[in-house]
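A quick write-up on the structure given underneath.
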There are 2 protein chains.
Amino acid sequence: MISQRARYAFKAMVALAKAEPGRGLQIRQLCEQEKLPRKFIEQILLALKAAGYISSRRGRDGGYELLKPADLIHVGPLLRLADGPIAPLSCLSRTAYRKCDDCRSEALCELRIAFDKPYADYLAALENTTLAQLMRASDARGLPAELVSEEVP
Amino acid sequence: MISQRARYAFKAMVALAKAEPGRGLQIRQLCEQEKLPRKFIEQILLALKAAGYISSRRGRDGGYELLKPADLIHVGPLLRLADGPIAPLSCLSRTAYRKCDDCRSEALCELRIAFDKPYADYLAALENTTLAQLMRASDARGLPAELVSEEVP
DNA sequence: GGAAATCATACTGAATCTATAGGGATTACC
DNA sequence: GGTAATCCCTATAGATTCAGTATGATTTCC
């Protein structure tokens, strides 16, 4: 299970991506919209900022804004930022590789063999999907197919 | 990351699968062979027994033995036994489904959409690989290709 | 200066993880 | 039957992580 922190981070990014470009959102709005715990979100936004995903403006009319377009934001790194390594085994992690303490041979380890390909595919999928794709997919499901082309009647 | 408990459970199953059929292994042997903490392994073996994976004999010459052949033992359920649900989101879990507290619509949730197919594929892979497959794969890597057919010269 | 926002760090309570402890029950062998 | 070896069962301890709160500093606009 991914952490609450990761879920919040993701939700915040989606909300920011939906906000009008150039305007951004304030913590207050974000938390009221989505019913999120304010101070916890604050920490998470700080981390997102430190990682270069968003920018902030301080002071009275402050707030947060996406720094990159949503089609350059991938799920994998976002998840990793919130939760740390994604890999099921440290010896399979690309970003936090570590040999298992008791491992004799990685090549022969049955557990490693078991997870090797499934995890590689899983990770590749997460690395390749973008926020923009997900938002489009969500939109498409929200509208009945016949209405999609009638946005401007 | 999967837990230490899951790694131990997996190692124990592999060791039992490698043991001579009809003989089994004792905790002592298992722990000395693989350098595992004895009392922790004891708990794990109890759980494996309760789940029907292994049988035990008590008393002086007691020990544990696989109940099913290794090609009927799949990675997915084993992992689930040790660690609980495998799914990254509770709303994607087949065995422990639970709606997210704040979720308005599962169909439209971007996070759920993100993990839906990657996780389904990952899970299917784990559900379909057996201990026997993994042991064969490990054996095959241990021997140079030219020698594989020369087992009985 | 005052109000409202972000920034930074410390802290807390609960849960989880990784074992360890200490007996009790069962069996094989003498 | 006694003894030693094994499995069975529950409780508990220590460390770590998680989710969130608290407190106050800093910045910005009016």
Side-chain angles (χ1 to χ4, degrees), chain A residues 1-12 16 19 23-32 34-67 79 81-85 88-90 96 100-102, chain B residues 1-12 16 19 23-32 34-51 53-67 79 81-85 88 90 96 100-102:
Chain A
M1 297 271 180
I2 72 176
S3 69
Q4 186 75 310
R5 183 184 171 84
R7 284 202 295 278
Y8 286 157
F10 198 89
K11 286 212 160 193
L16 288 172
R23 303 293 303 279
L25 278 180
Q26 297 185 328
I27 289 184
R28 172 197 298 266
Q29 303 170 289
L30 189 58
C31 292
E32 281 171 2
E34 312 267 353
K35 308 273 184 193
L36 309 178
R38 191 195 161 105
K39 297 296 279 182
F40 194 22
I41 299 301
E42 216 173 302
Q43 288 179 8
I44 293 169
L45 289 173
L46 263 309
L48 288 170
K49 184 189 172 191
Y53 281 106
I54 61 182
S55 65
S56 65
R57 228 179 18 259
R58 291 165 77 149
R60 214 191 108 151
D61 294 334
Y64 297 89
E65 202 176 336
L66 275 198
L67 268 181
L79 180 61
L81 172 64
D83 273 6
L89 300 171
S90 65
C100 298
D101 298 332
D102 51 350
Chain B
M1 298 271 179
I2 73 174
S3 69
Q4 187 75 311
R5 182 183 173 83
R7 285 202 296 278
Y8 286 158
F10 198 89
K11 286 213 161 192
L16 288 171
R23 303 293 303 280
L25 277 180
Q26 297 185 328
I27 289 184
R28 173 198 298 267
Q29 301 171 290
L30 189 57
C31 293
E32 282 172 1
E34 312 268 353
K35 308 273 182 192
L36 310 177
R38 190 195 162 109
K39 298 294 277 186
F40 195 21
I41 299 300
E42 215 172 304
Q43 289 180 8
I44 293 169
L45 289 174
L46 263 309
L48 287 171
K49 184 191 170 188
Y53 282 106
I54 60 181
S55 65
S56 65
R57 226 177 24 255
R58 291 166 76 151
R60 216 192 107 146
D61 293 337
Y64 296 89
E65 201 176 338
L66 275 197
L67 267 182
L79 180 60
L81 173 65
D83 273 5
S90 65
C100 297
D101 298 332
D102 52 347

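The chains referred to below are lettered A, B, ... by the order of the sequence lines, with proteins before strands, and numbering in each begins at 1. Values below: all heavy atoms of this structure, side chains included; hydrogens, waters and symmetry mates excluded.
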Inset, instruction - Determine the minimum heavy-atom distance between A:Ala47 and A:Arg5, stating which atoms define it. - result: CB-NH2, 3.9 Å
Legend entry - Separation between CD1 of B:Ile41 and NZ of B:Lys11, rounded to the nearest 0.5 Å: 10.0 Å
Inset, instruction - Taking all non-hydrogen atoms of both residues into account, name the closest pair between B:Ala6 and B:Ala82 and its distance. - result: CA-CB, 3.5 Å
Legend entry - Set of residues satisfying ring pair (Phe, Tyr, Trp, His ring centres under 6.0 Å) with respect to B:Phe10, sequence neighbours excluded: none
Legend entry - Spacing of A:Phe40 atom CZ relative to D:dA22 atom P, expressed in whole Å: 15 Å
Using atom names, set out every protein N or O paired with an N or O of nucleotides 9-12 of chain D below 3.5 Å, distance rounded to 0.1 Å.
{"residue": "D:dA11", "atom": "N6", "partner": "B:Gln43", "partner atom": "NE2", "Å": "3.3"}

Legend entry - Any side-chain heavy-atom pair of B:Gln43 and B:Lys39 under 4.5 Å: no
Inset, instruction - Could you check A:Asp83 against B:Gly62 and say which one's nearest nucleotide on DNA chain D is further toward the 5' end? - result: B:Gly62
Inset, instruction - Using the test side-chain contact (heavy atoms from CB on, under 4.5 Å), find all partners of A:Ala96 that sit at least two apart in sequence or belong to another chain. - result: A:Pro85, A:Ser93
Inset, instruction - Could you state the atom-to-atom distance from CD of A:Gln26 to C1' of D:dC29 in whole Å? - result: 12 Å
Legend entry - Gap separating the CZ atom of B:Phe40 from the CD1 atom of B:Ile27, nearest 0.5 angstrom: 13.0 Å
Inset, instruction - May I ask you to test the B:Leu30-B:Leu45 pair for a side-chain heavy-atom distance under 4.5 Å? - result: yes
Inset, instruction - Tell me what B:Leu45 touches on the nucleic acid: a base, only sugar-phosphate, or nothing, going by heavy atoms under 4.0 Å. - result: nothing
Legend entry - Rounded interatomic separation in angstrom, taking CZ from A:Arg38 and C1' from D:dA22: 13 Å
Inset, instruction - Give me the residues of residues 2-11 of chain B where at least one heavy atom lies under 4.0 Å from an atom of DNA chain D, by number, or none. - result: none
Inset, instruction - With axes from five pairs an end, tell me the bend angle of the helix from C:dG1-D:dC30 to C:dC30-D:dG1, nearest 10°. - result: 0°
Legend entry - Shortest non-hydrogen contact from B:Leu48 toward B:Ala9: CD1-O, 4.2 Å
Inset, instruction - Check the distance between D:dG20's C1' and A:Leu36's CG and give it to me in whole angstrom. - result: 13 Å
Legend entry - Residue pair A:Leu16 / A:Tyr53, side-chain heavy-atom distance below 4.5 Å: no
Inset, instruction - Mind calculating the distance between CD1 (A:Ile27) and C1' (D:dG20) to the nearest angstrom? - result: 14 Å
Inset, instruction - Could you tell me whether A:Arg7 and B:Asp102 make a salt bridge, using a distance below 4.0 angstrom between a side-chain N and a carboxylate O? - result: no
Inset, instruction - Report yes if some heavy atom in the side chain of A:Leu67 is under 4.5 Å from a heavy atom in the side chain of A:Ile54; otherwise report no. - result: no
Legend entry - Value rounded to 0.5 Å, distance of CD in B:Gln26 from CZ in B:Arg23: 10.0 Å
Legend entry - chain A footprint on DNA chain C, 5' to 3' - any atom under 4.0 Å from a heavy atom: C:dA4 to C:dA10
